Peer 1: 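Below is one structure. I have some questions about it.
To find a chain, count down the sequence lines: A is the first, B the second, and so on, and within it residues start at 1. Keep in mind that this is a model prediction, so the values were computed, not measured.
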Amino acid sequence: MTEKKKTTIVLFSGDYDKAMAAYIIANGAAAYDHEVTIFHTFWGLNALRKDEDVMVKKGFLEKMFAKMMPKGADKMGISKMNFAGIGPKLIKNVIKKHNALTLPQLIEMAQEQDVKLVACTMTMDLLGLQQEELLEQIEYAGVAAYLADAEDGNVNLFI
Amino acid sequence: MNVDKVLDAKGLACPMPIVKTKKAINELEAGQVLEIHTTDKGAKNDLSAWAKSGGHDLLKHEEENSVLKFWIKKG
C-alpha cells in the first residue's frame, strides 16, 4: 500500500460561504483517500463553536468577543450580500432547493470521514475561546503541528 | 455487464456523489463493478478524475433523461 496523500487546509475565514468551500474540498479530498486536516485559526474557529451557551470563566474583553462572534457554523454570516443576516437565510434556502449540504452537515460529514479538525490554541487565547466551547473530537495544536502535516502535503489551501 | 452494486446518487449535489461513490466502492472487492446514477452535471469530470486517481476503471458512461450513469470497476 502506498503512502496516503495529504490535503491540508487553513481555515482563517469566519464566513459561511468560505467555510463551505473549505469543507466541500475537505470532504472531496477525504473521498480521494487523502489524509485531510483543517487547521482553524482566527475567525475560522467560530465554525467549531458549539451553538449553546457554555458557562466558562472569562474576562470582560473575552466576554465581549464571545458575544460578538457567531456561536457555531450555522450562525456565521456570508462574505458578500450578508444584508445584516438576511443573506445567510437566502443562501440556506438556495442550498435546500439544490439539495446541497449546509455547513453544519458538511462539518458532520467531514468528521464521519475522519477529517482531522484542529483548533489553533494561540488564536483561541486571543479570541478568548475555551475548549469547553468548541465541538468534541477536535484536536488542539499550533503552527508546528500544522507544518508537520503540510510539509509533506499534496494540496495546501488557505481560505 | 455484470454489476455488483448500484448507487443512486440522483438529486445530490457536490461533493456528495463522490463521497457516496467512495463509500460504495469500499464495500466492493477488486474487479467488481459499481453502477452510479447521478444528476450532478459535474459528475462526469469528477468521477473520471476520481477513478483515475484511485486506480479504478471507468468502463462506460451514458446519459438517459438527464440522469448520468457510470460504471466503475474497482482497481
Peer 1: According to side-chain contact (heavy atoms from CB on, under 4.5 Å), who are the partners of A:Ala100, at least two apart in sequence or on a separate chain?
Peer 2: A:Ile95, B:Ala13
Peer 1: Take a 6.0 Å sphere around CD of B:Glu29 and say whether it holds more than 12 heavy atoms from other residues, nucleotides or ligands.
Peer 2: no
Peer 1: My understanding is that only residues two or more places apart in sequence, or in another chain, count here; which of them pass side-chain contact (heavy atoms from CB on, under 4.5 Å) with B:Met1?
Peer 2: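 Partners of B:Met1 under the side-chain contact (heavy atoms from CB on, under 4.5 Å) test: B:Val33, B:Leu59, B:Lys60, B:Trp71.
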Peer 1: Any idea which of B:Cys14, B:Ala49, B:Gly54 has the most non-hydrogen atom pairs under 4.5 angstrom with chain A?
Peer 2: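 Going by pairs under 4.5 Å, I would pick B:Ala49.
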Peer 1: Please report all inter-chain donor-acceptor pairs (under 3.5 Å) between chain B and chain A, with distances to 0.1 Å.
Peer 2:
residue: B:Gly11; atom: O; partner: A:Asn99; partner atom: ND2; Å: 2.8
residue: B:Lys22; atom: NZ; partner: A:Asp33; partner atom: OD1; Å: 3.4
residue: B:Lys23; atom: NZ; partner: A:Glu112; partner atom: OE1; Å: 3.2
residue: B:Ala49; atom: O; partner: A:Tyr32; partner atom: OH; Å: 3.4
residue: B:Trp50; atom: N; partner: A:Tyr32; partner atom: OH; Å: 3.2
residue: B:Trp50; atom: NE1; partner: A:Ala31; partner atom: O; Å: 2.8

Peer 1: Among the clusters formed by ILVMFWY side chains lying less than 4.5 Å apart, do A:Met81 and A:Met76 turn up in the same one?
Peer 2: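 A:Met81 and A:Met76: separate clusters.
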Peer 1: Given a strict heavy-atom distance threshold of 4.5 Å, which part of A:Ile24 is in contact with chain B: side chain, backbone, both, or neither?
Peer 2: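 Both parts, backbone and side chain.
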Peer 1: State whether the number of non-hydrogen atoms from other residues, nucleotides or ligands found under 6.0 Å of A:Met55 atom CE is greater than 12.
Peer 2: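 No, not enclosed.
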Peer 1: Which residue pairs pass the ring-ring contact (aromatic ring centres under 6.0 Å, His included) test when at least one of the two sits in residues 56-88 of chain A, sequence neighbours left out?
Peer 2: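 Applying ring-ring contact (aromatic ring centres under 6.0 Å, His included) to every pair that reaches into residues 56-88 of chain A, excluding sequence neighbours, yields nothing.
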Peer 1: Are A:Val56 and A:Met64 connected in a single hydrophobic cluster, I mean Ile/Leu/Val/Met/Phe/Trp/Tyr linked by side-chain heavy atoms less than 4.5 Å apart?
Peer 2: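 Hydrophobic grouping puts A:Met64 apart from A:Val56.
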Peer 1: Can you name the closest pair of heavy atoms from B:Val19 and A:Ala31 and give their distance?
Peer 2: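 Heavy-atom minimum between the residues: CA-CB, 4.0 Å.
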